[in-house]
Amino acid sequence: MLTPTAKIWHNGRFIRWEDATVHVLSHVVSYGSSVFEGIRCYSTPQGPAVFRLREHVRRMLDSGKIYRMDLGFTADELAEAMLELVRVNQMDACYIRPIALRGYGDIGVHATRNPIDVYVACWEWGKYLGEEALAEGVDVCVSSWNRLAPNTLPALAKAGGNYMNSQLIKMEAVANGYTEGIALDTAGYVSEGSGENIFVVRDGRIHTPPLGASVLPGITRDAILALAKEIGIPVIETIVPREMLYIADEVFFSGTAAEITPIRSIDRITIGKGHRGPVTEKLQTEFFGVINGTRPDRHGWLSPVYAAAAVK
Ligand SMILES: Cc1ncc(COP(=O)(O)O)c(C=O)c1O
């Protein structure tokens, strides 16, 4: 359950959490017409800092562009709104959810005259797939649902309606006793989880599906590509056949919510040794090291909430 904070940012001003409501006949309610982001603010030795803020803002503006939604705010304005929100709510570690939606007005599908409302909320949030998942790994299945077919819904956009597909994947997985589902693309190749990108390790090399395999261009995915190269683990962005999952040495998810979560079984087939493998662990060490200060933030991934010029 959500724990409310005091304020939510709405179109340039702060309103009370309770007042951030939309009318039931707003366009977004019927048609899923929203674009949004999920961002983590971490508690670091230098105080709260937002992970890859600039990249998240950029993806949100990109999602809006794809869906012909002009958010009416610049990248700098949105980034500053998020930092200010964390300050106003006096949060330390938290999850930040900016969302832009087509609001109340016309009810037809073509409702370009409806206002675009932009909100940013934040709240406290723990580990998405469970605390112990980061060390032990999770049990997952291959979903009977495919990811979005090319040229149907745009997978590169993080848009509300796209998550009807994610819900089907996740609900089916949980109903069958798994933590998460891995969806294939419409060609039958591995795509991603309902809310995570996926990486497959075999013989010391990492494979991950390319952006053309109906995946969200994950910002954590991008961080992993950079970290793996730096520590000398080859990464190949390539189509991944389903059966490659079963014979992998290691498989792991990445995402803002899931961070880097190992997968220990898929369709009840044990992956590698059935627990977190060495490549996954090395990447976790690098990733969490940037956040907890044991590794330098050499990419400028952290935007300190309380710095004067906070957005890098
Ligand atoms: C469908 C989907 N894939 C992948 C991801 C991971 O993306 P990121 O690392 O930017 O959070 C997410 C989470 O936003 C997602 O919803």
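Keep in mind it's a predicted model, so treat the numbers as computed, not measured. Note: hydrogens, waters and symmetry copies are ignored here, and every other heavy atom, side chains too, is used.
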With a 4.5 Å heavy-atom cut-off, do Phe14 and Leu85 have their side chains touching?
yes
Does Arg276 reach the side chain of Arg264, with side-chain heavy atoms less than 4.5 Å apart?
no
Between Thr208 and Glu237, does any side-chain donor sit less than 3.5 Å from a side-chain acceptor?
no
Heavy-atom closest pair (Asp185 atom, Asn146 atom, distance to 0.1 Å) is O-ND2, 3.2 Å
Leu302 vs Thr44, test: side-chain contact (heavy atoms from CB on, under 4.5 Å). Steps then yes/no.
CA-CA 9 Å; Leu302 294 170; Thr44 78; 4.2 Å; yes
Face-on cation placement of Arg295 at Phe287 ring, 6.0 Å and 45° thresholds
no
Is any side-chain heavy atom of Tyr119 less than 4.5 Å from a side-chain heavy atom of Ile8?
yes
Return yes when atom CD of Gln90 has more than 12 non-hydrogen atoms of other residues, nucleotides or ligands closer than 6.0 Å, and no otherwise.
no
Check: Pro209 and Tyr189 side chains under 4.5 Å, non-hydrogen atoms
no
Side chain to side chain, Ile116 and Asp70, heavy atoms closer than 4.5 Å
no
For Thr220 and Thr256, indicate whether the former's side chain and the latter's backbone hold a donor-acceptor pair under 3.5 Å.
yes
Check: Phe36 ring centre within less than 6.0 Å of Tyr163 ring centre
yes
Any donor-acceptor pair under 3.5 Å linking the side-chain atoms of Glu180 with those of Ser194?
yes
Any chance the side chains of Tyr104 and Asn114 put a donor and an acceptor closer than 3.5 Å?
no
Do Ser265 and Asp139 pair up side chain to side chain, a donor and an acceptor below 3.5 Å, judged on atom types alone?
yes
Ser143 and Glu172 side chains, donor-acceptor separation under 3.5 Å:
yes
Is it the case that His299 and Glu230 place a side-chain donor and acceptor less than 3.5 Å from each other?
yes
Donor-acceptor side-chain pairing of His27 and Asp106 below 3.5 angstrom:
no
Which residue, Arg58, Arg54, Arg52, Arg59, forms the salt bridge (Lys or Arg N to Asp or Glu O under 4.0 Å) with Glu37?
Arg59
Does CZ in Arg205 sit with more than 12 non-hydrogen atoms of other residues, nucleotides or ligands closer than 6.0 Å?
no
Any Lys/Arg nitrogen of Arg221 or Glu196 sitting under 4.0 Å from an Asp/Glu carboxylate oxygen of the other?
no
Who passes side chain to side chain contact (heavy atoms under 4.5 Å, CB included) against Glu124, sequence neighbours left out?
Met91
So, Arg298 and Glu286, do they make that salt bridge, N to O below 4.0 Å?
yes
Would you please say whether a donor-acceptor pair under 3.5 Å links the side chains of His207 and Thr238?
no
Would you call Arg16-Asp19 a salt bridge at under 4.0 Å N-O?
yes
Pair Thr294, Asn292: side-chain N/O donor-acceptor within cut-off below 3.5 Å
yes
Ring center gap for Trp123 and Tyr95 short of 6.0 angstrom:
yes
Between Leu283 and Ile206, the two heavy atoms sitting closest are CD1-CD1, 3.8 Å
With no hydrogens and no angle check, is any side-chain donor or acceptor of Tyr31 less than 3.5 Å from a backbone partner on Ile107?
yes
Tell me whether Trp125 at atom CH2 has more than 12 heavy atoms from other residues, nucleotides or ligands lying less than 6.0 Å away.
yes
Would you tell me whether Asn11 and Asp117 have side-chain atoms, one donor and one acceptor, within less than 3.5 Å of each other?
yes
Test item: Met82 and Val57 side chains (from C-beta on) under 4.5 Å apart, heavy atoms
yes
Contact summary for Pro304 and Leu83, nearest pair of heavy atoms:
O-CD2, 4.2 Å
Side chain proximity check, Ile224 to Phe252, heavy atoms < 4.5 angstrom:
yes
For Met164, is the CE atom crowded, meaning more than 12 foreign heavy atoms sit under 6.0 Å from it?
no
